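First up is the structure itself, then whatever we jot down about it.
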Protein chains: 2
Amino acid sequence: MLAAVSDDEPRVLTINDGRSLPSGPFGSGDRSLQSSLRTWVERQTNHPVGYMEQLYTFADRDRTDGNTDRRIISISYLGLTREAGASRRYAATWRSWYRYFPWEDLRQSDGKLIEKLIVPRLRGWARQAVDKATQAERAQRIDVVFGQGGHPWNAELSLQRYELLYEAGQVPEALTKSAAEATPIPGEPMLHDHRRILATGVARLRAKIKYRPVIFELMPETFTLLQLQQAVEGLSGQLLHKQNFRRSLEQQDLIEETGEMSSETGGRPARLFRFRKQIVLERAFTGTKLPLARTR
Amino acid sequence: MLAAVSDDEPRVLTINDGRSLPSGPFGSGDRSLQSSLRTWVERQTNHPVGYMEQLYTFADRDRTDGNTDRRIISISYLGLTREAGASRRYAATWRSWYRYFPWEDLRQSDGKLIEKLIVPRLRGWARQAVDKATQAERAQRIDVVFGQGGHPWNAELSLQRYELLYEAGQVPEALTKSAAEATPIPGEPMLHDHRRILATGVARLRAKIKYRPVIFELMPETFTLLQLQQAVEGLSGQLLHKQNFRRSLEQQDLIEETGEMSSETGGRPARLFRFRKQIVLERAFTGTKLPLARTR
DNA sequence: GCTATAAATGCTCAATGTGAGCATATGTGG
DNA sequence: CCACATATGCTCACATTGAGCATTTATAGC
């Protein structure tokens with residue numbers, strides 16, 4: 001899964017008229033899997049891939065043909081690139097990832113799709129459970145995962161949301177054909193488990209931008225603070241508080257001014273910034289804290 | 001890599017006299033890789049595995065025999081279990097993971113090993129770099145990763161620390177035979193890349209306990225707060241502030257009293273607690289925060 | 001019973017971080 | 001000169017976190 005941001009929209013490279021993620025067999029070259037994969041992707045897209053990480057390895061029974069003796073091993077990756085470059089070899093196109101997960105975008109709609117359509121459907125599914133315990137468990141999962149009943153919305157739960165919809169038979173990929181057939185929930189399906197992989201990548205990326213400066217892999221060399229904010233908003237699907245966003249940037253020392261200004265947007269010109277690459281060396285970007293003590 | 005905690009020590013299941021992690025080819029059974037792996041491990045150890053997650057998939061060129069046309073795919077997992085159970089089939093033993101990474105344990109020594117031996121060695125290696133830029137970069141990495149020069153110690157960087165020692169030729173596994181041969185740094189080596197996998201698992205687990213209640217997978221059914229704290233201290237290799245540790249537990253609503261007391265340790269008897277399993281349903285345990293806004 | 005020892009518990013405080021909002025400044029296009 | 005669209009500065013209440021002081025309640029040994 002290769003991601004980029006353009007026009008404030010997070011995008012993903014797709015093939016097969018948007019129904020598949022790019023994939024291919026790995027060559028038996030000399031180098032590591034990661035580096036040959038990088039070369040492969042860069043040939044396809046004409047653009048360097050700044051950041052790459054493994055998502056997950058599936059090694060389940062052969063899913064394509066009837067052969068049950070072999071396992072097919074699929075190793076999925078998440079890659080970030082700076083621009084939505086053109087593909088050379090086949091018809092690859094960049095699509096907004098909200099085309100596949102419209103409910104993940106809370107920037108404008110504020111979750112009307114979720115409250116009006118998705119949650120009611122899921123509640124119906126929850127009621128269908130045979131015993132009370134399962135009903136309660138489903139109801140709770142719906143609340144937690146879709147931010148209902150007092151629970152806060154959590155952008156990083158995109159995979160859990162997709163899985164819940166899948167279990168409830170509300171996406172066309174699910175074998176259980178239920179109400180989905182009649183009036184499917186908005187959001188285009190993909191072939192095989194590709195939409196699931198996409199949901200995994202979205203979750204991973206949304207989690208990652210909080211503690212690692214990977215957002216800059218998606219930005220042009222120089223950018224304004226608003227552009228940066230809108231990129232983050234695009235990825236997380238939520239609007240951010242502008243002043244606080246800037247304050248946290250200042251504190252972290254991640255960026256520096258270029259000295260130039262941009263006046264492309266019409267309003268007051270904004271200063272241009274660039275990412276301080278050195279910061280990656282200066283700091284160890286990792287998680288949160290435990291209640292430490294110097295001594296006991 | 002299968003981890004457990006006993007006697008306040010985090011332990012890992014090893015075979016081959018402590019020189020290897022348990023591994024094996026995956027069967028071509030009917031079920032998913034994860035579930036057949038779980039069964040396999042449970043047969044080996046006689047204990048249920050509470051939690052399992054994928055660590056990393058290596059698909060590099062065949063590393064064992066001279067065959068260059070095939071890739072060997074190794075999928076490493078991290079599993080957590082409650083007790084150090086006996087193995088049935090072969091001589092598997094539980095060893096403290098600090099046997100392999102003594103520098104990761106700051107509970108008593110307070111890092112003397114690092115400051116007296118490891119950092120000086122690494123500084124020597126840094127000076128050997130051919131150009132100034134590489135020298136500076138190495139010096140910075142040492143500081144950041146081992147918490148020198150004003151940088152705080154970060155327990156989650158165990159993999160980076162091992163990799164740095166590897167690059168510097170200070171571990172026997174490294175092909176570059178340098179000063180390591182003469183007087184190796186404390187810490188037992190393992191075969192192949194098993195110590196690297198172990199370092200990955202340590203890092204992952206140390207990161208995970210901060211935002212997911214996985215610690216309870218390693219605890220007995222009921223426990224005192226001190227036992228819990230010492231388990232966390234064991235994993236993270238650092239001492240914690242007792243009152244604050246308890247305060248954060250109270251806030252999070254993770255545990256509940258059993259009503260019983262334990263008086264095994266000699267001091268004032270402690271209340272026994274158990275993990276509130278329900279909490280996993282009630283909450284979505286994920287990372288930290290972005291500066292959100294209701295509206296712009 | 002008295003005392004040393006080992007923990008468990010209760011509480012306070014300063015420093016920092018976070019969410020929200022008010023007010024003002026500085027450009028462009030018409 | 002005005003409407004607009006942003007950029008920027010600043011404040012404030014509240015929550016979180018790191019640290020430390022003071023008590024309380026048990027066991028073990030004399």
Side-chain angles (χ1 to χ4, degrees), chain A residues 8 106 147 152-155 209-211 222-233 236 238-273 286-296, chain B residues 8 106 110 147 152-155 209-211 222-233 236 238-273 287-296:
Chain A
D8 303 336
L106 299 188
W153 173 261
N154 187 333
I209 52 171
K210 290 184 179 170
Y211 61 94
T222 66
F223 46 82
T224 69
L225 295 183
L226 184 60
Q227 282 167 9
L228 183 63
Q229 178 175 349
Q230 286 174 336
V232 175
E233 289 177 336
S236 68
Q238 291 171 290
L239 296 179
L240 305 180
H241 184 283
K242 188 191 281 191
Q243 296 93 320
N244 292 347
F245 178 77
R246 289 166 186 227
R247 178 176 63 189
S248 84
L249 278 174
E250 280 168 23
Q251 285 169 359
Q252 298 193 74
D253 224 31
L254 292 173
I255 53 177
E256 62 191 5
E257 291 188 47
T258 65
E260 300 184 358
M261 306 288 279
S262 156
S263 52
E264 300 198 351
T265 46
R268 171 174 171 177
R271 285 184 278 193
L272 281 171
F273 292 82
T286 44
T288 39
K289 308 150 204 168
L290 285 173
L292 290 179
R294 291 201 200 294
T295 64
R296 186 139 35 152
Chain B
D8 302 335
L106 299 188
D110 214 40
W153 173 261
N154 187 334
I209 51 172
K210 290 184 179 170
Y211 60 95
T222 66
F223 46 83
T224 70
L225 295 183
L226 184 59
Q227 282 167 8
L228 183 63
Q229 178 176 348
Q230 286 173 336
V232 175
E233 289 176 338
S236 68
Q238 291 172 289
L239 296 179
L240 305 180
H241 184 282
K242 187 191 282 191
Q243 296 93 319
N244 292 348
F245 179 76
R246 288 166 186 228
R247 179 175 61 187
S248 83
L249 278 174
E250 279 168 24
Q251 285 167 359
Q252 297 192 74
D253 223 32
L254 291 173
I255 53 178
E256 62 192 2
E257 290 188 47
T258 65
E260 300 183 359
M261 305 287 280
S262 158
S263 53
E264 300 198 350
T265 45
R268 169 174 173 178
R271 287 183 278 192
L272 281 171
F273 291 83
T288 38
K289 309 149 203 168
L290 285 173
L292 290 179
R294 291 199 200 294
T295 63
R296 184 139 37 148

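Chain identifiers are assigned alphabetically (A, B, ...) following the order of the sequence lines, protein sequences preceding nucleic acid strands; residue numbering begins at 1 within each chain. Keep in mind that this is a model prediction, so the values were computed, not measured.
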>> Expressed as a whole number of angstroms, how long is the span from A:Leu272:CG to D:dT8:C1'?
In response: 16 Å
>> Could you tell me how far apart A:Phe273 (CZ) and D:dA7 (C1') are, to the nearest whole angstrom?
In response: 10 Å
With 3.5 Å as the limit, what N/O pairs link the protein to nucleotides 9-11 of chain D?
from  : atom 1 : to       : atom 2 : distance (Å)
D:dG9 : O6     : A:Gln243 : NE2    : 3.1

> Atom CZ of A:Arg246 and atom P of D:dT6: how far apart are they, to the nearest Å?
Replying inline: 11 Å
> At their closest point, which heavy atom of A:Pro269 faces which heavy atom of A:Met261, and how far apart are they?
Replying inline: O-CE, 3.8 Å
Name the atoms and distances for all side-chain donor-acceptor pairs under 3.5 Å in residues 249-256 of chain A, with sequence neighbours left out.
from     : atom 1 : to       : atom 2 : distance (Å)
A:Gln252 : NE2    : A:Ser248 : O      : 3.4
A:Asp253 : OD2    : A:Arg276 : NH1    : 3.2
A:Glu256 : OE2    : A:Arg274 : NH1    : 3.2

> Quick one: the side chain of A:Arg268 and the base of D:dA5, do they pair up donor-acceptor inside 3.5 Å?
Replying inline: no
> Roughly how many Å is it from NE2 in A:His241 to P in D:dT6, rounded to a whole number?
Replying inline: 17 Å
> Okay, side chain of B:Glu233, backbone of B:Leu240: is any donor-acceptor separation there less than 3.5 Å?
Replying inline: yes
> Closest heavy-atom contact between A:Gln230 and A:Asp8?
Replying inline: OE1-OD2, 3.2 Å
> Would you say D:dT8 has OP1 or OP2 under 4.0 Å from some side-chain N or O of A:Lys242?
Replying inline: no
>> Testing the basics here: between B:Leu226 and B:Arg246, what is the closest heavy-atom pair and its distance to 0.1 Å?
In response: N-NH2, 3.9 Å
>> Could you tell me how far apart A:Gln229 (CD) and D:dA5 (P) are, to the nearest whole angstrom?
In response: 17 Å
>> A quick test of your reading: do over 12 heavy atoms of other residues, nucleotides or ligands sit less than 6.0 Å from CD of B:Glu257?
In response: yes
> Can you tell me how far C1' of D:dA7 sits from CD of A:Gln227, to the nearest Å?
Replying inline: 13 Å
> Which whole-number value in Å describes the distance from A:Leu225 CG to D:dT8 P?
Replying inline: 6 Å
> Atom CG of A:Leu226 and atom P of C:dG27: how far apart are they, to the nearest Å?
Replying inline: 17 Å
